[in-house]
Amino acid sequence: MYAIIEDGSHQYKVAEGDTIEVQLHDVPEGTQTLEFDHVLLVGDGAAVTVGRPYVPGARVTASAGGVVKGDKIRIIKFRRRKGYKRRAGHRQQYLRLTVDKITA
């Protein structure tokens, strides 16, 4: 069984036991599970349920695995012959989730 969930402005295809990295959430202290109710599609073999826009009663439960950092992105601005060169970097933080259960 798999599902496509919406989190913020991103969509993720998940199955039970998968580990995904989503945008960092403000998770309350002591909370180890997150529940997604914005499920766009649920597939189980040949049976596929498509939501309009969401599948009614479908939920995906995931457990938080901690905060991880993504790859470093280098930003370079350069103007030739002007003596202008600027470098910066950015490293995005993600929340690692393990999908426990898909209910449809």
Side-chain angles (χ1 to χ4, degrees):
M1 179 178 271
Y2 68 95
I4 296 179
I5 61 171
E6 180 183 54
D7 183 39
S9 61
H10 300 276
Q11 296 177 2
Y12 303 96
K13 181 180 178 183
V14 297
E16 291 182 5
D18 282 355
T19 301
I20 60 171
E21 294 175 358
V22 299
Q23 297 293 320
L24 191 61
H25 287 272
D26 290 331
V27 180
E29 194 66 34
T31 304
Q32 291 298 322
T33 60
L34 291 173
E35 194 168 281
F36 298 98
D37 56 352
H38 291 253
V39 179
L40 302 171
L41 182 137
V42 175
D44 189 15
V48 175
T49 306
V50 179
R52 295 182 185 180
Y54 305 117
V55 178
R59 296 198 181 288
V60 173
T61 307
S63 58
V67 177
V68 294
K69 288 185 176 182
D71 295 334
K72 185 162 215 171
I73 298 172
R74 302 246 182 226
I75 299 106
I76 299 173
K77 295 181 178 181
F78 177 77
R79 296 282 178 233
R80 65 181 188 162
R81 299 187 306 265
K82 304 300 179 195
Y84 174 78
K85 185 176 180 182
R86 180 168 298 222
R87 283 187 291 199
H90 176 74
R91 200 164 175 195
Q92 185 74 31
Q93 291 185 338
Y94 297 101
L95 181 64
R96 182 170 284 164
L97 298 174
T98 303
V99 178
D100 298 328
K101 186 175 169 185
I102 298 175
T103 353

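- Between Glu21 and Leu95, every side-chain heavy-atom pair lies at or beyond the 4.5 Å cut-off.
- We find the CG-CD distance between Asp37 and Glu35 to be 7.0 Å, quoted to the nearest 0.5 Å.
- Distance check, rounded to the nearest 0.5 Å: OG1 of Thr33 to CG of Leu97 gives 10.5 Å.
- Hydrophobic clustering of Ile, Leu, Val, Met, Phe, Trp and Tyr side chains at less than 4.5 Å, counting indirect connections, keeps Val50 apart from Val60.
- To the nearest 0.5 Å, atoms CD (Gln32) and CG (Asp100) are separated by 11.0 Å.
- Across every non-hydrogen atom of Arg91 and Gly70, the tightest pair is NE-O, 2.9 Å.
- Under the 4.5 Å side-chain heavy-atom criterion for grouping Ile, Leu, Val, Met, Phe, Trp and Tyr, Val39 is connected to Val22 within one hydrophobic cluster.
- A cation-pi geometry, defined here as NZ or CZ lying under 6.0 Å from the six-membered ring centre and within 45° of its normal, holds between Lys13 and Tyr2.
- In this structure Tyr54 satisfies the ring-ring contact (aromatic ring centres under 6.0 Å, His included) test together with His38, sequence neighbours excluded.
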(message) Is there a side chain to side chain contact (heavy atoms under 4.5 Å, CB included) between Tyr12 and Asp7? Walk through the geometry before answering.
(response) CA-CA 8 Å; Tyr12 303 96; Asp7 183 39; 4.0 Å; yes
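- Rounded to the nearest 0.5 angstrom, Gln92 CD and Ile73 CD1 are separated by 7.5 Å.
- With hydrophobic clusters built from ILVMFWY side chains whose heavy atoms lie under 4.5 angstrom apart, Tyr94 does not share a cluster with Val27.
- With values rounded to the nearest 0.5 angstrom, Glu16 atom CD is found 5.0 Å from Ile102 atom CD1.
- Within 6.0 Å of atom CZ in Arg74, 12 or fewer heavy atoms from other residues, nucleotides or ligands are found, so the atom counts as exposed in its surroundings.
- Under the 4.5 Å side-chain heavy-atom criterion for grouping Ile, Leu, Val, Met, Phe, Trp and Tyr, Phe36 is connected to Val42 within one hydrophobic cluster.
- For Thr49, the side chain to side chain contact (heavy atoms under 4.5 Å, CB included) criterion is met by Val55, not counting sequence neighbours.
- Closest heavy-atom contact between Gly89 and Lys72: CA-CE, 4.2 Å.
- Not counting sequence neighbours, the partners of Arg87 by the side chain to side chain contact (heavy atoms under 4.5 Å, CB included) test are Ile76.
- Note: the hydrophobic cluster containing Val14 does not contain Val68 (ILVMFWY, side chain heavy atoms under 4.5 Å, direct or indirect links).
- Distance check, rounded to the nearest 0.5 Å: CD1 of Ile5 to CD of Gln11 gives 10.0 Å.
- Side-chain contact, His25 with Gln23: no donor N or O sits under 3.5 Å from an acceptor N or O.
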